[in-house]
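Data block below; observations after.
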Number of protein chains: 2
Amino acid sequence: MPEPSVPLPALERMAAYMRCLMQLERENVRTVSSQEMEALTGISAAQFRKDLSYFGEFGKRGIGYDVGQLHQRIAAVLRIQEEQPVLLVGAGNLGSALIAYPGWGDYGFRIVAVFDEDPAKIGTDLRGVRIRPLRDLPQVNRDLAARIGIIAVPADQAQAVADALIDAGVTGIINFAPVKLLHPEHVIVRDVCFICELAVLSYLIHAQEAAPDGVPAQAAD
Amino acid sequence: MPEPSVPLPALERMAAYMRCLMQLERENVRTVSSQEMEALTGISAAQFRKDLSYFGEFGKRGIGYDVGQLHQRIAAVLRIQEEQPVLLVGAGNLGSALIAYPGWGDYGFRIVAVFDEDPAKIGTDLRGVRIRPLRDLPQVNRDLAARIGIIAVPADQAQAVADALIDAGVTGIINFAPVKLLHPEHVIVRDVCFICELAVLSYLIHAQEAAPDGVPAQAAD
DNA sequence: TCCTGTGAAGCTTTTCACAGCA
DNA sequence: TGCTGTGAAAAGCTTCACAGGA
């Protein structure tokens with residue numbers, strides 16, 4: 001009944017298309033073709049059309065796609081057409097940077113609670129959200145019922161935080177800590193390893209120098 | 001002469017292997033087999049061996065891999081065996097979080113200069129690195145000769161910053177701003193879109209609920 | 001024996017190229 | 001005509017399965 005096995009890379013591109021469509025909306029562009037999307041995103045027109053085809057028909061032959069409508073339909077596919085509550089654990093530098101990110105609302109997410117263990121931080125406000133002790137997590141999420149959690153704590157605390165989030169009913173985790181988390185099968189964990197990006201970049205730069213046409217040196221979006 | 005067209009996913013896994021090997025070194029583990037690496041990273045033993053094979057032979061048959069030696073050789077492959085200077089543009093929340101990250105040294109990177117446009121920040125210190133105005137970039141990098149730059153500024157400034165970095169000799173950019181950057185072919189740009197990760201997670205959570213065995217729901221590492 | 005390194009098979013994803021509709 | 005949607009072909013990546021050295 002749901003979409004039959006969509007390639008994961010296609011899903012990742014869907015988020016990129018949405019970003020692009022929001023930009024076009026701000027510029028009051030009404031209609032866009034797959035060709036134009038290729039110019040804007042760097043993703044080929046054929047790829048764009050194929051990606052959309054996993055989820056249905058979205059355009060008008062001979063015309064293109066209605067920008068606003070396509071935005072809405074992609075949001076519906078990604079299940080971000082209505083607000084989704086998110087829990088953030090860790091109110092250090094990274095946590096602060098995350099909560100300050102201006103795009104949450106555009107993507108239908110809202111940080112509804114922030115947790116930290118530092119007594120100096122507990123009770124204070126981070127952009128209008130009170131910081132609570134981690135032990136309050138189960139009780140707080142009984143009301144909030146958030147399914148998504150973000151781990152922004154040091155590596156040595158990450159597993160304990162993951163366990164607590166999962167106990168509290170979270171089924172999807174974005175993990176910024178540099179450790180592999182153990183978790184039950186029904187929970188989905190996505191690791192964000194930004195220094196890995198740098199390492200890959202380092203390789204690609206040097207590979208390109210050594211043989212300017214050797215490795216495709218494709219950028220990741 | 002260099003490695004003939006290594007799959008990009010293989011490169012991304014190399015960084016993950018390195019992270020795992022550093023952990024093993026801290027635990028004083030001397031030898032590791034591809035089986036054990038599978039247990040630790042979630043990446044299959046066959047995949048691990050195949051990935052390494054793109055770059056040479058690293059193990060001993062019947063024994064496994066020497067942890068320290070493998071770490072060194074992967075570092076050499078990624079060109080992070082000796083310190084690489086990195087420029088950071090943007091000293092806001094995100095920039096501060098990045099510079100506070102404790103793993104830079106482990107991966108052979110060092111932030112050698114920080115730039116920002118905010119007069120209130122210029123001249124102050126961020127973790128021992130002085131914040132300079134962006135206009136100083138060309139001159140500063142004449143000495144530092146960094147090839148890698150990180151863009152951690154708002155979307156509307158990102159293109160100008162990218163242009164400045166490229167002018168100053170940077171050939172690889174990690175872009176945290178939510179815009180597609182225009183750049184010459186010889187420059188490699190990798191976008192980090194953390195909210196895209198959340199959007200994908202949102203889809204996967206709901207897909208799994210709808211059909212617990214429909215979509216593989218594989219986590220990204 | 002144990003475990004690596006690797007060609008070949010199998011599977012996934014991307015690209016092509018064109019039918020079909022406005 | 002113009003541009004979408006999509007089977008089929010091509011390319012790319014992963015897994016298999018086993019030869020071969022310690």
Side-chain angles (χ1 to χ4, degrees), chain A residues 3-14 16-17 21 24 29-67 69-70 73-74 77 200 204 213-221, chain B residues 3-14 16-17 21 24 29-67 69-70 73-74 77 200 214-221:
Chain A
E3 296 74 23
S5 163
V6 179
L8 194 56
L11 277 175
E12 290 167 352
R13 288 187 297 266
M14 292 300 272
Y17 301 147
L21 290 165
L24 289 172
V29 176
R30 288 292 171 79
T31 300
V32 72
S33 68
S34 58
Q35 283 290 335
E36 290 163 340
M37 285 298 284
E38 172 169 342
L40 293 167
T41 64
I43 299 165
S44 80
Q47 184 79 81
F48 174 77
R49 296 199 305 273
K50 175 64 97 181
D51 287 344
L52 294 186
S53 78
Y54 294 119
F55 303 100
E57 304 199 355
F58 297 77
K60 285 191 180 49
R61 288 163 198 241
I63 308 290
Y65 303 84
D66 179 282
V67 171
Q69 189 184 308
L70 183 56
R73 292 194 59 189
I74 292 180
V77 163
V200 171
L204 292 175
D213 292 321
V215 173
Q218 188 57 36
D221 301 297
Chain B
E3 296 73 24
S5 161
V6 179
L8 195 56
L11 277 176
E12 289 167 353
R13 287 187 297 266
M14 293 300 271
Y17 301 147
L21 290 166
L24 289 172
V29 176
R30 288 291 171 78
T31 301
V32 72
S33 69
S34 58
Q35 283 290 334
E36 290 163 339
M37 286 296 285
E38 173 168 343
L40 292 167
T41 62
I43 298 164
S44 80
Q47 183 80 82
F48 174 76
R49 296 199 304 273
K50 177 61 97 180
D51 287 346
L52 294 186
S53 79
Y54 293 118
F55 304 100
E57 303 196 358
F58 297 79
K60 284 191 179 47
R61 291 163 196 238
I63 307 289
Y65 303 83
D66 180 280
V67 171
Q69 190 184 310
L70 184 55
R73 293 195 57 191
I74 292 179
V77 163
V200 171
V215 172
Q218 189 58 35
D221 302 297

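Below, all heavy atoms of this structure are taken into account, side chains as well, without hydrogens, waters or symmetry copies. So that the names make sense, note that chain A is the first sequence line, chain B the second, and so on, each numbered from 1.
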In whole angstroms, the gap separating P of D:dC3 from CG of A:Leu70 amounts to 16 Å

Sorted by position of nearest nucleotide on DNA chain C, 5' first, the leading residue of A:Gly62 and B:Leu52 is B:Leu52

A:Asp51 CG to C:dT14 P, in whole Å, measures 7 Å

All heavy atoms of A:Asp66 vs all of A:Gln69, minimum pair found to be OD1-N, 2.8 Å

Residues passing the ring-ring contact (aromatic ring centres under 6.0 Å, His included) test with A:Tyr65, sequence neighbours excluded, are A:Phe48

Separation of D:dC13 atom P from A:Leu8 atom CG, nearest Å, is 15 Å

Side chains of B:Tyr54 and B:Val77: closer than 4.5 Å at any heavy-atom pair? no

Here the distance between atom P of D:dC13 and atom CG of B:Leu11, to the nearest Å, is 10 Å

Query raised in the report: Under 4.0 Å between a side-chain N or O of B:Tyr65 and OP1 or OP2 of D:dA22?
Result: no

The side chain to side chain contact (heavy atoms under 4.5 Å, CB included) partners of A:Glu38 (sequence neighbours excluded) come to A:Ser44, A:Ala45

What are the atom names and distances for every N/O pair under 3.5 Å that joins the protein to nucleotides 6-12 of chain D?
from  : atom 1 : to      : atom 2 : distance (Å)
D:dG7 : N7     : A:Lys50 : NZ     : 3.4

Here the distance between atom C1' of D:dT4 and atom OH of A:Tyr54, to the nearest Å, is 16 Å

Q) Are any of A:Arg13's side-chain N or O atoms less than 4.0 Å away from OP1 or OP2 of C:dT13? A) no

Contact check, residues 30-37 of chain B vs DNA chain D, heavy-atom distance under 4.0 Å, returns none

What one should report as the nearest heavy-atom pair of A:Val200 and B:Leu8 is CG1-CD1, 4.2 Å

Rounded to whole Å, the CD1-C1' distance (A:Ile43 to C:dT15) equals 15 Å

Determine all donor-acceptor pairs shorter than 3.5 Å in which one atom belongs to a side chain in residues 55-63 of chain A; sequence neighbours excluded.
none

Audit row: B:Tyr17, B:Leu70, side-chain contact (heavy atoms from CB on, under 4.5 Å) steps and yes/no:
CA-CA 9 Å; B:Tyr17 301 147; B:Leu70 184 55; over 6 Å; no

Sequence neighbours excluded, the answer for side chain to side chain contact (heavy atoms under 4.5 Å, CB included) partners of B:Leu40 is B:Cys20, B:Leu24

note: A:Gln47, atom CD; C:dT14, atom C1'; distance rounded to Å ~ 6 Å

Taken to the nearest whole Å, CD1/A:Ile63 to C1'/D:dG5 is 15 Å

Salt bridge (charged side-chain N to carboxylate O under 4.0 Å, His left out) pairs touching residues 47-56 of chain A, sequence neighbours excluded, are A:Arg13-A:Asp51

